[in-house]
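Below is one structure; the comments refer to it alone.
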Amino acid sequence: MSRADTATDIASASLREQAAALAATKISSVELVQEQLRRIDTQAQLGAFLHVAAEPALAQARAADAARAGGDNRALLGLPIAHKDVFVTRGMPSTAGSKMLAGYLSPFDATVVQRLGACGMVTLGKTNMDEFAMGSSNENSAYGAVRNPWDHAAIPGGSSGGSAAAVAARLVAAATGTDTGGSIRQPAAMCGVTGIKPTYGLCSRYGMIAFASSLDQAGPIAQTAWDCAALLQQMAGFDSADATSVQREIPRYAEALDAPLPGADAARPLAGLRLGLPREWFADGLAGEVEQAVRAALAELERLGATLLDIGLPRTELAIPAYYIVAPAEASSNLARFDGVRYGHRAENYRDLAEMYAASRAEGFGPEVKRRILMGAYVLSHGYYDAYYLQAQKIRRLIADDFLAAFQQCDLIAGPVSPTVAWNLGEKADPLANYLADIYTLPASLAGLPGMSIPVGFGQGAHASRPVGLQLIGPHFGEQRLLHAAHQFQRATDWHARAPQP
Ligand code: GLN
């Protein structure tokens, strides 16, 4: 095999395989980065990237190769990654998918970006997203939609649609995402890749352009659970710059993934694991083709030793109204900073200060962001606060209580990520139709719980090339348990290894 063929193979491989290839000097970081950049270029029609940092990436790759030659053998040294454009990055624009921040250059790196850079990873660029992470189809980006690499007529999911599409199309083995109400899990599901939203507070939010601060969490999107574990290892951890960052020891996530659960054996490595299936999630509204793929995955997990249990999450239907009050309320407050004064877009024509604010915001924000700001300002206003915001907060607590009760009976919760496979670009014009599709991801977000999506199959008929994801939800700080179950599933199956034709 020529070195060029090797580069092509390695560029489509998982992060773990890429790391092994670099360690064995089958490829250099520079060669790997060149190949990924070539793919990003030839698949530009996907719209996955908003900014490609070719020269800086090659410079980082050269430095990584030099460090490796000098004996540096850090696990992630020289491996390419892309960051969702919601993370601020020094030396390249950070827009959060908004015209408001067109060309914005941050003076610092988000903590997550800084940590991944500090372990030697090479940043290829920034991925497309719904404006300010508001959306579930990536169609709310001010810079155009992203196409699903499996089916170019379909959405990739959102809001981390660019990251999920980039990983699915093998433009890069790993990318960061953020999940406020499903934005890692849902695009991962729709693009047939693996993603984890950690427990709220595990990864620093410092330098993540804020949407809804009590919900926003960063997490990795990659081909496999093992890769997610390796990335989470670097991303997680206390940061004094984020007041909601949790101080606790970070486990070695990737270390025990291969081992069977205590008391289990290699044939049935998940023996003893109790998986709760929320009956409200396998009910009306769940597409048959999604249910079939999810049920087949559950049968596989059962074969691996897990026990399936019927559980209830009775407040599920309240998650959409509660989330679509709390999240816009926080967004309206967070987005007040975009006033045309300090940074961001400023209107050219205005007569006085008030008009400058109004015109800058009217021009800079897209329709969905404006809708959320209006909703948020409304539910927080005097006279409505008690009726809406306070009620939503109470419901949020009840939803969290449902999960606490469920985790008395089971170790993990399993179900669908999305009620349907990816829909067509342009298909859901009504905002409410988009909100309703978040039904299975919002509950864990409201409760601050960790959740994963792993690829488990495809739809049927006209949807035969549209991926389906399985959602696994753990108790607070149950990332290890989640990653372990997902990794064991991926050892026994190959859905995660499938890639679309370029
Ligand atoms: N789809 C949800 C929304 O539009 C969640 C987005 C997210 O997790 N960032 O708010």
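Both ligands and their constituent atoms are indexed starting at 1 by order of listing. Only heavy atoms go into these numbers, but all of them, side chains included; no hydrogens, no water, no symmetry mates. All of these numbers come straight from a predicted model, not from anything done at the bench.
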For ligand 1, note which part of [X] has a heavy atom under 4.0 Å away: side chain, backbone, both or neither.
X: Arg372; answer: side chain
X: Phe132; answer: neither
X: Tyr435; answer: neither
X: Asp438; answer: side chain

State the atoms of ligand 1, each with its element, that fall below the 4.0 Å cut-off from a heavy-atom position in [X].
X: Tyr324; result: 1 (N), 2 (C), 3 (C), 4 (O), 10 (O)
X: Met134; result: 4 (O)
X: Ala133; result: 6 (C), 7 (C), 9 (N)
X: Ser159; result: 9 (N)
X: Gly181; result: 5 (C), 7 (C), 8 (O)

- Please determine if Asp402 and Arg315 form a salt bridge, counting it only when a charged side-chain N lies under 4.0 Å from a carboxylate O.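 Salt bridge present between Asp402 and Arg315.
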- Message: Would you call the rings of Trp281 and Tyr440 parallel, tilted or perpendicular, taking 30° and 60° as the class edges?
- Response: tilted
- Message: Angle between ring planes, Phe132 versus Phe338, binned at 30° and 60°: parallel, tilted or perpendicular?
- Response: tilted
- Does Asn140 have any side chain to side chain donor-acceptor pair (under 3.5 Å) partners at least two apart in sequence or in another chain, and if so, which? none
Judging by distance only, is a nitrogen or oxygen of [X] under 3.5 angstrom from one on ligand 1?
X: Phe211; answer: no
X: Asp179; answer: no
X: Thr180; answer: yes

- Could you find the nearest protein heavy atom to atom 7 (C) of ligand 1 and give me its residue, atom name and distance? Ser183 OG, 2.4 Å
- Query: So which heavy atom in the protein is nearest atom 10 (O) of ligand 1, and how far is it from that ligand atom?
  - Reply: Tyr323 OH, 2.7 Å
- Item | Centroid-centroid distance, Tyr435 to Tyr323, less than 6.0 Å |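 Ring centres of Tyr323 and Tyr435 not closer than 6.0 Å.
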Does either side chain, that of [X] or that of [Y], offer a donor lying less than 3.5 Å from an acceptor on the other one?
X: Ser163; Y: Lys84; result: no
X: Asp85; Y: Thr95; result: yes
X: Ser141; Y: Asn138; result: no

Using residues 190-199 as the side-chain source, report each donor-acceptor pair under 3.5 Å to any protein atom, sequence neighbours left out, with the distance given to one decimal.
| from | atom 1 | to | atom 2 | distance (Å) |
| --- | --- | --- | --- | --- |
| Thr194 | OG1 | Gln223 | O | 2.9 |
| Thr194 | OG1 | Gln490 | NE2 | 3.0 |
| Lys197 | NZ | Leu449 | O | 3.1 |
| Thr199 | OG1 | Phe477 | N | 2.8 |
| Thr199 | OG1 | Glu479 | OE2 | 2.6 |

- Between atom OH of Tyr104 and atom OG of Ser98, what is the distance when rounded to the nearest 0.5 Å? 13.0 Å
- Item | Contact check, Gly135 vs ligand 1, heavy-atom distance below 4.0 Å |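 Yes, Gly135 has heavy atoms under 4.0 Å from ligand 1.
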